[in-house]
Peer 1: 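Attaching a single structure in structure tokens format; questions to follow.
Remember, it's a predicted structure, so these values are computed and weren't measured experimentally. By convention here, the first residue in the shown sequence is residue 1. As a basis for the values below, the full set of heavy atoms in this structure was taken, side chains included, without hydrogen atoms, waters or symmetry mates.
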Amino acid sequence: MRAIQVYEVGGPEALQEAEVDQPRPGPGEAVVEVAASGVNFLDVYHREGRYSLPLPFTPGAEGAGTVVEVGPGVADVAVGDRVGWVEIPGTYAERAVVDSSRLVPLPDDIGFETAAAVLLQGMTAHYLVKDAYPVQGGDTVLVHAAAGGMGLLLTQLITHLGGKVIGTTSTTAKAGLAKRAGAAEVILSSAVDDLAAEVRRLNGGQGLPVVFDGVGAHTFDASLASLRTRGHLVLFGAASGAVPPFDPIRLAHGGSLTLIRPSLGDFIADRSELLRRAADVFEWVRSKALEVTVTGRYALSEAAQAHSDLEARRTTGKLLVVPDAAALGRREETQS
């Protein structure tokens with residue numbers, strides 16, 4: 001079968017299309033024919049070696065498709081089931097082998113592309129606003145990169161929960177997207193000299209209770225400076241690079257601040273929690289509290305371009321890798 005392989009970590013060119021052996025399920029595993037795979041910064045971190053995986057490997061950690069084979073002892077799913085999954089590498093391929101206990105059955109009204117576009121980021125948004133910092137009605141919240149796939153979901157959810165979002169974006173076009181998602185205010189990060197001062201100006205001179213920061217190195221200092229006394233910085237990503245080491249006394253000097261660097265895997269550690277979060281995300285999609293926007297679809301051979309576009313901030317919304325090139329072509333013809 002066809003799959004993307006990473007033989008040496010590096011830039012987007014490290015993503016190489018190759019012919020590999022068909023996967024076979026072991027005990028407790030299922031083979032899934034991949035209909036769509038979400039593209040996430042997690043994939044970039046794996047490709048770069050920031051989060052190391054044994055070489056060679058097939059990237060992609062969010063997918064949806066149909067179970068075509070099961071191994072011994074599988075009770076959670078059966079052949080023919082429509083499923084999705086997250087945080088298991090191997091989705092940039094025509095087929096993937098997955099621990100069956102990590103597969104999420106898809107409701108009839110949730111399509112493959114929707115599942116592949118929303119599960120990882122949707123469940124991430126879920127634990128961010130429910131657990132990392134439980135957003136309350138009336139909270140004013142800063143969301144960096146508010147027009148990205150993750151930022152749009154967070155903006156919608158915070159607004160749904162009664163919070164007010166101040167978002168940052170890099171262009172006026174992206175600012176419009178963030179506002180349509182519910183952001184009350186949007187700051188063009190390139191147009192201000194002191195981001196934290198602008199945040200405080202928009203909040204009546206006060207700091208914020210929480211900042212959701214998935215950008216990392218470029219925004220970390222401004223995020224801390226935007227917080228009120230006993231505020232919370234939720235640092236959930238590093239799209240601009242890892243935050244350099246710093247002296248924790250900065251948190252005390254900033255006003256007894258707290259910093260959390262959470263990871264989705266710790267919030268879906270058991271199957272019951274995984275299914276509960278996924279069910280909530282699907283219900284939010286169903287009720288339109290979350291609107292999933294797929295803005296780019298790429299064939300397997302275009303995976304490197306997908307990563308280049310994501311890293312260069314040329315995209316908004318969600319990107320997908322679609323292994324079935326014929327299906328991809330049919331969709332593009334329909335949409336044109």
Peer 1: Given side chains that start at C-beta, do those of Arg228 and Pro209 come closer than 4.5 Å, heavy atoms only?
Peer 2: yes
Peer 1: Can you tell me how far CD1 of Ile166 sits from CZ of Arg200, rounded to the nearest 0.5 angstrom?
Peer 2: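 If we round to the nearest 0.5 Å, Arg200:CZ and Ile166:CD1 are 11.0 Å apart.
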Peer 1: Treat each ILVMFWY residue as a node, draw an edge where side-chain heavy atoms are under 4.5 Å apart, and state whether Trp85 and Val70 are in one component.
Peer 2: yes
Peer 1: Kindly indicate whether the side chain of Val34, heavy atoms from C-beta on, has any atom under 4.5 Å from the side chain of Tyr92.
Peer 2: no
Peer 1: Does a sphere of radius 6.0 Å around CD in Gln22 hold more than 12 heavy atoms from other residues, nucleotides or ligands, not counting ones at 6.0 Å or beyond?
Peer 2: yes
Peer 1: Any ion pair linking Arg24 and Glu69 (charged N to carboxylate O, less than 4.0 Å)?
Peer 2: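 Answer for the salt bridge query: yes.
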Peer 1: Would you please name every residue forming a salt bridge (Lys or Arg N to Asp or Glu O under 4.0 Å) with Arg201, sequence neighbours left out?
Peer 2: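 Partners of Arg201 by the salt bridge (Lys or Arg N to Asp or Glu O under 4.0 Å) criterion, ordered by chain and then number, come out as Glu198.
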Peer 1: Got a donor-acceptor contact below 3.5 angstrom from the Glu94 side chain to the Arg2 backbone?
Peer 2: yes
Peer 1: Measuring from Phe236:CZ to Thr124:OG1, what's the distance to the nearest 0.5 Å?
Peer 2: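 Rounded to the nearest 0.5 Å, the CZ-OG1 separation comes to 8.0 Å.
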Peer 1: Evaluate the side-chain proximity of His218 to Leu195: yes if any heavy-atom separation is below 4.5 Å, no if none is.
Peer 2: no
Peer 1: Please determine whether residues Leu42 and Val9 belong to a single hydrophobic cluster, defined as Ile, Leu, Val, Met, Phe, Trp and Tyr linked transitively by side-chain heavy-atom distances below 4.5 Å.
Peer 2: yes
Peer 1: Would you kindly confirm whether Ile187 and Leu224 end up in one hydrophobic cluster when ILVMFWY residues are joined by side chain heavy atoms under 4.5 Å apart?
Peer 2: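 Yes.
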Peer 1: Between side-chain atoms of residues 264-280 and protein atoms elsewhere (two or more places apart, or another chain), which donor-acceptor pairs fall under 3.5 Å?
Peer 2:
from, atom 1, to, atom 2, distance (Å)
Asp270, OD1, Ser272, N, 3.1
Asp270, OD1, Ser272, OG, 2.5
Asp270, OD1, Glu273, N, 2.8
Arg271, NH1, Ser101, O, 2.5
Arg271, NH1, Leu103, O, 2.9
Arg271, NH2, Leu103, O, 3.1
Glu273, OE2, Arg277, NH2, 3.0
Arg277, NE, Phe267, O, 2.7
Arg277, NH1, His126, ND1, 2.8
Arg277, NH1, Asp131, OD2, 2.9
Arg277, NH2, Asp131, OD2, 3.0
Asp280, OD2, His126, NE2, 2.8

Peer 1: Which heavy atom in Ala242 sits nearest to a heavy atom in Arg50, and how many Å separate them?
Peer 2: N-NH1, 4.2 Å
Peer 1: Find the distance between CG (Leu202) and OG (Ser226) and round it off to the nearest 0.5 Å.
Peer 2: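 If we round to the nearest 0.5 Å, Leu202:CG and Ser226:OG are 10.5 Å apart.
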Peer 1: Count the heavy atoms belonging to other residues, nucleotides or ligands that lie under 6.0 Å from CG of Asp21, then report whether that count exceeds 12.
Peer 2: no
Peer 1: Among all residues two or more places apart in sequence or in another chain, which pass the salt bridge (Lys or Arg N to Asp or Glu O under 4.0 Å) test with Glu311?
Peer 2: Arg47
Peer 1: Can you tell which of Glu62, His46, Glu87 makes a side-chain hydrogen bond (donor to acceptor under 3.5 Å, both in side chains) with Asn40?
Peer 2: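 Looking at Glu62, His46, Glu87, the match for Asn40 under the side-chain hydrogen bond (donor to acceptor under 3.5 Å, both in side chains) is Glu62.
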Peer 1: Under 3.5 Å, side chain of Thr66 to main-chain N/O of Arg82, donor-acceptor pair present?
Peer 2: no
Peer 1: Heavy-atom distance under 4.5 Å between the side chains of Phe282 and Leu106, does that happen here?
Peer 2: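 They are in contact (side-chain heavy atoms under 4.5 Å apart), so the answer is yes.
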Peer 1: How long is the span from the CZ atom in Arg261 to the CG atom in Asp213, to the nearest 0.5 Å?
Peer 2: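 Arg261 CZ to Asp213 CG: 9.5 Å, rounded to 0.5 Å.
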Peer 1: Starting at OH of Tyr133, measure out to CG of Leu233 and round the result to the nearest 0.5 Å.
Peer 2: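 Tyr133 OH to Leu233 CG: 13.0 Å, rounded to 0.5 Å.
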